[in-house]
Amino acid sequence: MTAECCGYPISIFFIVVNEFCERFSYYGMRAVLVLYFRYFLLWDDDLATSIYHAFVALCYLTPILGAIIADSWLGKFKTIIYLSIVYAIGQVTMAISTIHDITDANRDGTPDNFTFHIALSMLGLILIALGTGGIKPCVAAFGGDQFQEHQSRQLNTFFSVFYLCINAGSLLSTLITPVLRAQECGIHTQQQCYPLAFGVPAVLMVISLVVFIAGSGMYVKTDPEGNIMWSVCKCIGFAIKNRFRHRSSSYPKREHWMDWANEKYDKLLIAQIKMVLKVLFLYIPLPMFWTLFDQKGSRWTLQATTMSGDFVSILISTVNPILILTLVPIMDRLIFPLIQKCGLNFSPLKRMTVGMLFAAMAFVSAALVQIEIDKTLPNFPSSSESQLKVVNTYSTTLNVTISPNEHLLIESFGVQLHTSKHTYSTISCMFVNDFSLIHGEQWCEFSRKFGFGASYTFLIPSTVFSDDCESITEVEDMKPNSVHMALQIPQYFLITTGEVMFSVTGLQFSYSQAPKNMKSVLQAGWLCTNAVGNIIVLIVAELGKLPKQWAEYLLFASLLVAVSIIFSIMAYFYTYIDPAEIEAQVRKEQGLEPEEMEKETLEMEEKDEDQKNEQGVKQTKI
Ligand SMILES: C[C@H](N)C(=O)N[C@@H](CCCCN)C(=O)O
């Protein structure tokens, strides 16, 4: 009997707090990852985007590994603990890799040995991917294991609270870590504080582990049930081999190719695999949704860096979790029941299709924003053009002729240079609010806000210190970023509406259509669609480089529309099943009535229990 509070097992409080801290750690680190690649490691946009998506893909491939370790070897409890330790080490490694002072021997503020920082951060990211992905299919299922049969209502609420905790953790961390990055810190020189931005998620991961361990005396821990994934693979392998062996037309056909495993494998297992394969087949087009969805963290973040709005950038990245926290209850309690009342059958697969279309619309919105940004960007000379800059410091307008026949009027800046020797210097700086020119005892001070993305030229006459500072002329070569970040809100709203329709429904669908013992298999399959989606971004970003960013956004939107049409056709032919009913039917065909089955299972469990007691094995059971 487990300890309860308000009808809930007390142990789940440790699990939801653990999930909150873990998601804080994960999303906090992700929020500054592309910026770290771009501005600390000085990678270009494409490389930063590629490595970011490779990392996300790895995070969604490792759940298979986690599920195998938990099911066949350690059990969920130990898997979560061991992989959380790996995860925390990864976060600490990542935080250390961002300390520029470690290799900044000449103390100029930039690391001297980039290879060291790259190697350490890649090691950190691999450990994080192993940890976060490995525990992903285990934590929710372990939470579910805490509930007993009479607590099915509480079990449903648990999954909602669990999803809310994910988004609360994500919301807080995406608010906090960019602020931490914007601080200045360092031993020799003060730089943007990446160690703090990555260090706080590392601390949260340690707290997550401590909280999980703190509840260990209260958990219901189930032993590994044997590696179901391995049994599934062996059964499928046998069916294929057997089908190949009997490929001659003289052998009678079987209803389903999995029926070729009948000779060796249990009918129930075969029926269960058929159910899973049907759903997995439906998953084939789904990665395209994640291809678009996960570009929030890369392309959209980089898009925001070319826009104006100081604090909006932080708010923009929190739009997604805030909308999730509000849209999930609104959709569940209001929109979906209303659609049902109107007599429309808004089935899960239809919802997912609509979710895809919302994501496509989000990318059309991103393309429109990009077109606006491009209008404000300076025109650089193409390969067949050159750019001349003529600075007229003479007192009147001059007529300049460029051979053979182009005439330009060059306005005077009203400054005369009294020397024929000019020296030009270019200084690139961040966060400039003021600067001074100092010569001996005299100085000229400028205090004003310089816009992000802008470029200025200051013309300083030789008489400046004997005359007055007013004679200095300022020229704005490139205008500051002027498209406001608030324009990104529609694309965030559309993609999050898509997420609620697609992701939340997809999770429920995967759970409801899976046989009881293969729910983790389908969860891992569902997470895999995410991994494949990120691999597609990598391929498109690397191979299909389009000259204009807006064109790439439109390409992704069109691809998703095409995929959603294919998915809707596949969904049309899909018949929803009740796995429990099918399993009962197979058992009946095998001559085992449900009651008999139950009795048989009980007898086997008792026998098993006796054997273990005899061997002095101490075990915890539901
Ligand atoms: C924060 C985000 N809105 C969210 O809810 N994420 C979930 C589901 C992720 C699905 C695959 N990208 C999470 O578990 O992090």
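Quantities reported herein were computed from a predicted structural model and do not represent experimental measurements. Each ligand, and each atom within it, is numbered from 1 in the order the structure gives. Values below: all heavy atoms of this structure, side chains included; hydrogens, waters and symmetry mates excluded.
By the 30° and 60° cut-offs, the orientation of the rings of Y36 relative to F40 is parallel.
Residue-level contacts of ligand 1 at the 4.0 Å heavy-atom threshold are R23, Y27, Y60, K136, Y163, I166, N167, S170, W290, N320, I324, E499, N530.
Annotation: ring pair (Phe, Tyr, Trp, His ring centres under 6.0 Å) contacts involving residues 46-96, sequence neighbours excluded, comprise F77-F212, F77-Y219.
Ion pairing between a basic and an acidic side chain is recognised when a charged N comes within 4.0 Å of a carboxylate O; D294 and R299 show no such pairing.
Sparse packing is recorded around CH2 of W550, with 12 or fewer heavy atoms of other residues, nucleotides or ligands lying under 6.0 Å away.
Taking the ring axis of Y26 as reference, the NZ or CZ atom of R23 stays within 45° of it and closer than 6.0 Å to the ring centre.
Atoms CG and CG, on L125 and L120 in that order, are 10.0 Å from each other to the nearest 0.5 Å.
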